[in-house]
Each structure stands twice: as C-alpha cells, then as structure tokens.
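Okay, so here's the structure we're looking at.
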Amino acid sequence: MQFLNLSNSHNVSAGTHLIEVTAIGYFFSPVRVDVSARNPGMVQAALTENRRSLIELVLEPLSEEQYYELKEPFTIMSLVKSPIGMMFGFMLFVMFVMPKLAENVDPEEIKRTQEEIMRGQGSLSSLLPGAQSSN
C-alpha cells in the first residue's frame with residue numbers, strides 16, 4: 001500500500017494532478033488529485049477508472065502483472081491436433097489401411113478404372129494448346 005499526504009508543506013501547486021504508481025509486479029489505477037487554489041490545504045482525490053472519490057490517498061494494487069506466459073502442459077491430444085500430427089496420422093492411414101482396402105477390390109474393376117483414366121488423359125491432352133502440335 002502507498003500513502004501520500006498532500007499538505008502545504010510539500011509545495012504542491014494548485015490545480016489538477018495525475019498520480020501514477022509504478023511498482024514492479026503490480027498494476028495500480030491512476031489517481032486524479034485536485035488541489036484547491038481558493039482553500040489552501042483542501043485536496044480531493046479520485047480514481048480515474050471509476051471516478052470514486054477517496055477520503056485517504058491509500059492505493060492498493062488492482063492486479064498483479066503477469067510478465068511471462070504460462071506454458072501449457074504436454075498432452076497427447078495437443079500433439080494429435082497439431083498439423084504435423086494430422087499429417088503423420090494421414091501417412092499412417094495411407095501406409096497401413098489403404099493396402100488392406102485395395103486387396104478387396106476386384107482386379108477387373110482396377111483394369112477398367114485404369115483404362116478410363118488413360119482415356120481421360122488423352123482427352124485432356126487434346127485440350128492443351130501445345131499437345132496437338134506434338135502428336
């Protein structure tokens with residue numbers, strides 16, 4: 001806590017002043033202090049955030065400053081959810097599951113699909129501008 005006594009003995013000029021407390025590790029609300037020119041020694045103080053008037057100028061920190069980010073603990077799900085984890089999972093799927101699925105496909109169906117692909121490549125090559133001159 002900080003205590004500040006403003007009186008005439010401190011030679012504080014009349015007017016409005018802003019007090020900002022700097023303390024490592026803590027955050028304080030700035031305080032607006034009005035020193036009266038007509039009534040010497042009359043001082044009014046108010047917090048700037050909520051304009052609450054203060055009887056005594058006793059400041060308490062609003063919060064503690066967090067200078068460092070806390071590191072999240074390691075979990076398996078964070079590894080699986082990361083882009084590298086997803087790519088690794090997809091590669092494992094292709095390496096182990098796809099060959100098992102390919103065993104169940106009829107060989108005649110594979111040949112028919114390959115022929116359709118070859119015919120499709122021929123039709124695509126005719127659409128390309130440089131492909132006609134090379135044939």
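Basis for what follows: all heavy atoms, side chains included, without hydrogens, waters or symmetry-related copies.
- At a threshold of 4.0 Å, the pair Glu109-Arg112 counts as salt-bridged, since one of the basic side-chain nitrogens sits closer than that to a carboxylate oxygen.
- Atoms CD and CZ, on Glu65 and Phe27 in that order, are 7.0 Å from each other to the nearest 0.5 Å.
- Taking all atoms of both residues into account, the shortest heavy-atom contact from Pro99 to Met95 is CG-O, 3.3 Å.
- The number of heavy atoms from other shown groups lying within 6.0 Å of CD (Glu116) is above 12.
- Shortest non-hydrogen contact noted between Pro30 and Leu18 is CB-CD1, 4.0 Å.
- Taking CE from Met91 and CZ from Phe96, the interatomic distance works out to 10.5 Å, rounded to the nearest 0.5 Å.
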>> Between Glu108 and Lys111, is the salt bridge (Lys or Arg N to Asp or Glu O under 4.0 Å) condition met? List the steps.
In response: CA-CA 5 Å; Glu108 293 177 10; Lys111 287 181 184 178; over 6 Å; no
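- Connection of Tyr68 to Ile24 is established within a shared hydrophobic cluster, with ILVMFWY side chains joined at heavy-atom distances below 4.5 Å, either directly or through further cluster members.
- To the nearest 0.5 Å, atoms CD1 (Ile19) and CZ (Phe28) are separated by 12.5 Å.
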Extract all donor-acceptor atom pairs below 3.5 Å that involve side chains of residues 73-84 and protein atoms in other chains or at least two apart in sequence.
residue : atom : partner : partner atom : Å
Thr75   : OG1  : Ser78   : N            : 3.2
Thr75   : OG1  : Ser78   : OG           : 3.2
Ser78   : OG   : Thr75   : O            : 2.7
Ser82   : OG   : Leu79   : O            : 2.8
Ser82   : OG   : Gly85   : N            : 3.2

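- Phe88 is not connected to Met86 by any chain of hydrophobic side-chain contacts under 4.5 Å among Ile, Leu, Val, Met, Phe, Trp and Tyr, and they are in different clusters.
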